[in-house]
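First the proteins, then the strands, lettered A, B, ... as listed; each starts at 1. Please read these numbers as outputs of a predicted model, since none were measured by experiment. Quick note: numbers below take in every heavy atom, side chains included, and nothing from hydrogens, waters or symmetry partners.
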Amino acid sequence: MDHITVTKVENVTLLDHFAGKTLSNGILYLTATHLIYVEASDAARQETWIAVHHIATVEKLPLTSEGCPLIVRCKNFLVAHFILDSDTICQEVYISLLKLSQTVLFEDLYAFFYNPKSTKEMRENGWKLIDPISDFGRMGIPNRYWTITDANRNYEICSTYPPEIVVPKSVTLGTLVGSSKFRSKERLPVLCYLYKENNASICRCSQPLCGFYTRCEDDERLLEAIGQTNPGSQFMYIIDTRPRLNALANRIAGKGYENEDYYANTRFRFMGIENIHVMRSSLQKLVEVCESKTPTVTEFLSGLDSSGWLTHIKAIMDVGTFIAKAVKVEKASVLVHCSDGWDRTAQVCSLASILLDPFYRTFNGLMILIEKEWISMGHKFSQRCGHLHGDSKEVSPVFTQFLDCIWQLMEQFPCAFEFNEIFLLEIHDHVFSCQFGNFLGNCQKDREDMRVYEKTHCVWPFLAQKKPDFKNPLYKGLNMYEVLDPSTLPCNIQFWCGMYNRFDKALHPQQSMIESLLEIEKQKMLQKLKALDEPPEELFTSCHFGDLLSQHPESPLTNPLDFMGDLHALSREGGLQAQKDQAKCQCGDCPYERFEIIGSFRAISISENVGFSGDPGISEAMGASEAIGISKASSEEASCSQQQ
Amino acid sequence: MEFSELIRTRQAQAELLSGPEAPALRGTLCVTGHHLLLSPKPQATDLWLLLLRSVDSIEKRVAGDSGTITLRCKDLRVLQLRIEGVEATLDVARSIEALSSLESVITSYPFFYRPKGLRLGDAWHFHPLESYYKRVALETDAWRLSEVNEDFSLCPSYPRVVIVPRAVDDAALARSARFRQGGRFPVLSYHHARSGTALLRSSQPLIGPKKLRCAEDEELLGAVLAGARPGAQGFIVDTRSAQTAKQARMTGGGTESKAAYPGWKRLHRPLERGRHLQESFVRLVEACGDLEQSMDQWLSRLDSCRWLAHVQEALSTACLAAQGMEREGACVLVHGAEGMDSTLLVTSLAQLILDPLSRTMAGFQELVEREWIQAGHPFQLRCAHSAFSHARSKHEAPTFLLFLDCVWQLGRQFPLSLEFGEGLLLALFEHAYASPFGTFLCNSEKERCLCEVRTQTHSLWSGLNQSKEQRKLRNPLYVLNPSALWPSVEPQSLRLWQGLFLRQTRPPERSEEVWEKVWQIVTDEKTEDSRPVVSAPEPQP
């Protein structure tokens, strides 16, 4: 790429301020997709891969006696502190990285040229893996009260909603359109989650355009219709997740909040979650605290306090818990909005769903939830994550906070989630990596305009086949817990070191209980396989193999990819080369084989890297290797040696 | 029994609430000499039982014709009793107040506790010093077992036998003892075979304003270096600041001067102790029990109580001592003033960092017995009251709890390297403050001998090593880790010990559930109810 004026820099030092050691004399490579640091000295070469889309800022510090410092800060909280020999080269690297990381055109995003060498059919099937609409089927919709309509098929009612929306059966198209005209960005009230046991539901929308006096009959009718879908309850909550003052200020601009007098049988509540700008600056402060060198306990705690981060996490958790309790305990339906209904609303609706429904605590459940409440309902991923060089005021860690809340729940209920922390971190990586199409653009229409579904790959098959690494061995299954009731007392909300200090390995526990348990389970599974004493070829096609490997054979999304994920667990095991080969033969024509290889490559990257950022995918890695002069043979050698 | 006059009322109808999520228990409440009993039905077998000595503070409120008693226990649990009748409430409260504050050791419950399945004297044959000496003797002949303190006359807070340099005779020890506060002359705490160095502990030297010296004391420390690997240096880790150590000279104490102890270099690592440490504990527990505070308030209270800072300082001082031995090949002497609080904290943690054997179930029990109980940590004084009591003497300090917290942090960072789990640490905390066993009674071996603790009470170790306790205490994921455990002491790596400090507000079931699940995975159990009995080895005598 023409942005790169220098492709290789020798004699580069990478500092690790927590481990207290420096890695001596490495080589820095610049490629179109990654910044790669290779430690030259050791036999076991340490590599650090940084995806260019992960780079948030590049900073060049004044020359010191040691050399020319260059600090690269990433959106996934990796901070790489390089020291280069030459000031001129440092300047060139600096300029190149700035240009690389500030993509201007969406066509230049990694996803549009990421090519894992899979077939067209495979790519298309990948996009079918997660279907958000199928989730409504799970809730029993369509039913007596609710219907799925494609009224928004050409994005005519609301440009940031998906084509299909779920609304009360009793309302007419006219009412929907009328209501949408009365809501900010036409984001009319639609169903998010139906709690089957008592008919209480969670609906979401944006703020009403009511100003001080305006009313809208259609909107009132729609809310009344939503209320009637829950005949067991006398009222319904309207939750405005904003602080009262913010909502009041919006009234002056002709927006605002619902007047209880105009909406029959409703109870209106303000909740007090701050806006995206407050969250952005809070994260900024938090990152500064995490980066500070050897802080005292007091410095750390007061920094943590003044960042306000945990206060915001608590606020989101409080609202999520309130909604879940309203639905479960009070049996009341809840309508949620904030300003435009795509940030705070997405956070609390999806959090409440996780609290209410054990399904969302499984792999498939979380993937569906993210597709449904975030991607298809128009959370502005591209703007919030700063995928393209643009308005920095639109950037905000809204989705990061959602993952943080899930982590808080996992801390309080260690046996209630099918996945572990690494799964969350991996999702977080790909929200920013622009390697897959899912998180590109700001709404469904954007993605269609960008032809994301034709030109890019879907992230979920990629994650699904790495499931063995993401499993929570403590998980007790779908039926063990129903509704979660977390404590949101301040002392139960914790700083997530695994996220915000993720790449400072010296700060993390040096052994992992989860990893150890996964290893034990893997060994056990192998023993069981051996005990069956049947040739694996037959096993792969027989149904009891499926029972053995798949945790939820009954789950709606059991599919070959899921299955491959578990197969992968076996084949990656070192001593089982033979079994692996057999598996490969078996899958000779199987297009999914590709994934497996990518997976193994990925595993190497994780285990070998000092800090890992993004994912190269094998073809890219090969391409990159060629471009930067690492011989292809040595890369292959590396991946082979890993498998032994 | 003489308790009878303290018991105002023997029975009342009551309802017990033992936690935010626990169901209420209704029944007849009984006050006995040592216990509070609640039986749901007449002749019921499933009694609820509370050792009165574990009550830390009691608060009574009456309204109408009933009353509520809030019992805050030394193990940080909070219980509420609703009692019928105003008089009954007041009588029960007064009885609990009187009985829970009895100070006499020999009328305490351990002298009456006779559990099924245990025999008196079991595990009291546990002689950690002798057995530890056997280990040292295999590694080096530079040390000997001395019986100079056989009658506790040299040092009332030391056990009968101590490990000292072979080159120093008993007479010299006696003179060194006179030069050290409380007679606590330098003794071996741990021998690090790999580096050929030793960890010692003592109390401060009595240098005083006149800068006194003691030839035998200097000779003793000289002999330590001479017996170590050739060319070994010495570090004296003083757990007080340089200024405090200097000020101690005014009251007859002080710290070793460089000139008098060639080869020894002094380092000051001030650790909090005494009243300030107790206050830190009290303020942390208060903050943890507050259900109304905002996040700001909580974080600023967590900070200002300084508990986590104390954990950090203790761990980093222990790392320093361990590093001195392992990486620099130096001998290390640790002392503060009296040498029975922060000194023991540092020496015991340093051993846990360096010595894989001390991380086993038996090894850790031996460590606690040798480095805390026998080493003369005054448990009776330090653990008389916990965080809730209003009646506070100046002797209380949660030094042992701080040690347990540091061990918990170590276990969190190395979940596969300790053979025991959080359950053992919690049990030790509970038993140190109030226990039916005799192990933590009294302040020193001398006192325990006078009270005949060894013959008249049961040992906690035999209680804990029963096979029924193993599943709770043992870490199923343990694998022997031969290397040193260097913990991270950065603030991001230290966590509040929720399992202990959030007991008031959080049900313990969830962490027990995780533990149970881990056991199931490791032992390959299918269901909750098929639990094979784990056979546990007895502790090594």
Less than 4.5 Å apart, any side-chain heavy atom of [X] and any of [Y]?
| X | Y | answer |
| --- | --- | --- |
| W307(B) | F501(B) | yes |
| L425(A) | W496(A) | yes |
| C319(B) | I353(B) | yes |
| F495(A) | L301(A) | no |
| L78(A) | R502(A) | no |
| Q312(B) | P491(B) | yes |

Which of P414(A), C415(A), P509(A), P490(A) touches chain B most, by non-hydrogen pairs under 4.5 Å | P490(A)
Of the listed residues (A315(A), S516(A), S302(A)), which shares the most heavy-atom pairs with chain B below a 4.5 Å separation?
-> S516(A)
Counting only heavy atoms closer than 4.5 Å, note whether [X] contacts chain B via side chain, backbone, both or neither.
| X | answer |
| --- | --- |
| I520(A) | side chain |
| E515(A) | neither |
| L474(A) | both |
| C491(A) | both |
| Q494(A) | side chain |
| S487(A) | neither |
| T296(A) | backbone |

Under 4.5 Å from a heavy atom of chain A, the part of [X] involved:
| X | result |
| --- | --- |
| Q293(B) | both |
| L477(B) | side chain |
| L291(B) | both |
| T505(B) | side chain |

Considering residues at least two apart in sequence or located in another chain, which fulfil the side chain to side chain contact (heavy atoms under 4.5 Å, CB included) criterion with D485(A)?
-> T321(A), K325(A)
Salt-bridge contact R495(B)-E411(A) (side-chain N to carboxylate O under 4.0 Å) = yes
SB check K476(A) E513(B) (cutoff 4.0 Å) = yes
